Amino acid sequence: MANGTIAFDTLSTSGQITGTAKSVDTDYVVNGSAKAWINFNGSGTIAIRDSINITSITDNGTGDYDITIANDMANANYATLFGGGEGGDADSGARIPNLAIQTASVMDVFCRNLDNSAADGAVQNLGFFGDLA
């Protein structure tokens with residue numbers, strides 16, 4: 001099997017998708033897709049459940065995590081989306097991740113309760129959008 005290069009400007013469906021959006025310019029795929037993301041358990045034994053382009057996560061104490069990006073972003077000016085919670089128990093309170101320090105290779109995140117007190121969160125999700133180095 002030979003490996004090679006495929007060059008194209010538009011992705012199109014073979015007709016399996018209904019509606020009018022049956023193709024997309026590859027610029028949207030490259031520029032609009034997350035360059036890294038992570039879903040991790042931030043409570044008890046800290047562990048990555050699933051991720052793309054993430055090397056590791058470090059537990060720095062209650063609600064404080066360093067997330068290391070495998071292939072660095074171009075600079076520290078990328079966008080990050082956060083989401084989190086305690087999971088399962090609706091009365092346990094929200095666990096909201098907040099950006100602390102952001103570099104091209106590491107995101108330092110603090111997880112807080114609604115009253116801004118530090119808290120570990122069982123379900124944490126982050127997405128990283130921007131250019132890779």
Side-chain angles (χ1 to χ4, degrees):
M1 180 171 150
N3 292 324
T5 300
I6 298 174
F8 55 91
D9 296 322
T10 303
L11 297 174
S12 296
T13 180
S14 62
Q16 301 294 323
I17 299 173
T18 59
T20 58
K22 293 188 179 184
S23 66
V24 62
D25 190 305
T26 56
D27 285 343
Y28 290 107
V29 175
V30 172
N31 294 322
S33 299
K35 302 308 186 292
W37 61 263
I38 183 172
N39 174 305
F40 69 94
N41 176 8
S43 181
T45 302
I46 307 306
I48 297 173
R49 288 188 189 93
D50 203 357
S51 68
I52 288 181
N53 196 25
I54 300 295
T55 302
S56 63
I57 183 168
T58 303
D59 184 3
N60 298 318
T62 303
D64 184 3
Y65 316 99
D66 285 344
I67 299 165
T68 304
I69 301 167
N71 296 301
D72 290 355
M73 302 300 285
N75 54 49
N77 300 321
Y78 53 93
T80 307
L81 300 177
F82 302 106
E86 186 54 26
D89 183 358
D91 296 327
S92 63
R95 302 292 193 268
I96 303 168
N98 298 290
L99 169 64
I101 299 170
Q102 179 172 314
T103 70
S105 61
V106 176
M107 169 69 69
D108 185 10
V109 175
F110 289 124
C111 186
R112 301 286 186 238
N113 285 312
L114 293 176
D115 66 2
N116 204 34
S117 61
D120 288 338
V123 180
Q124 299 300 309
N125 300 288
L126 291 92
F128 303 79
F129 297 85
D131 294 329
L132 293 173

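Predicted model only: the values in this text are computed from it and were never measured.
Between atom CG of residue Asn41 and atom CG of residue Asn39 there is a gap of 9.0 Å, rounded to the nearest 0.5 Å. Distance CZ/Arg112 to OG1/Thr62: 9.5 Å, rounded to 0.5 Å. The OG atom of Ser105 lies 10.0 Å from the CG atom of Asp66; values are rounded to the nearest 0.5 Å. Taken from CG in Asn125 to CG in Leu81, the straight-line distance is 10.5 Å, to the nearest 0.5 Å.
Take Thr80 and apply the side chain to side chain contact (heavy atoms under 4.5 Å, CB included) test, not counting sequence neighbours, and it matches Tyr78, Phe82, Gln102, Met107, Leu126, Phe128. With sequence neighbours left out, the side chain to side chain donor-acceptor pair (under 3.5 Å) criterion links Asn53 to Asn71. For the side chain to side chain contact (heavy atoms under 4.5 Å, CB included) test, no residue two or more places apart in sequence or in another chain qualifies with Ala76. In this structure Ala74 satisfies the side chain to side chain contact (heavy atoms under 4.5 Å, CB included) test together with Asp131, sequence neighbours excluded. Take Ile52 and apply the side chain to side chain contact (heavy atoms under 4.5 Å, CB included) test, not counting sequence neighbours, and it matches Trp37. Not counting sequence neighbours, Thr45 has no partner by the side chain to side chain donor-acceptor pair (under 3.5 Å) test.
Val106 belongs to no hydrophobic cluster with other residues, because no ILVMFWY side-chain heavy atom falls under 4.5 Å from its own, directly or through intermediates.
Considering every non-hydrogen atom in both Gly121 and Cys111, the closest pair reads N-SG, 4.0 Å. The shortest heavy-atom contact between Leu132 and Lys35 is CD2-CB, 3.7 Å.
Residue Ile48 is grouped with residue Ile69 when hydrophobic side chains (ILVMFWY) are merged at heavy-atom distances under 4.5 angstrom, including chains of intermediate members. Hydrophobic clustering keeps Ile67 apart from Ile101 (ILVMFWY residues linked when any side-chain heavy atoms are closer than 4.5 Å, directly or through intermediates).
Residue pairs satisfying the ring-ring contact (aromatic ring centres under 6.0 Å, His included) criterion with at least one member in residues 52-73, sequence neighbours excluded, are listed as follows: Phe40-Tyr65.
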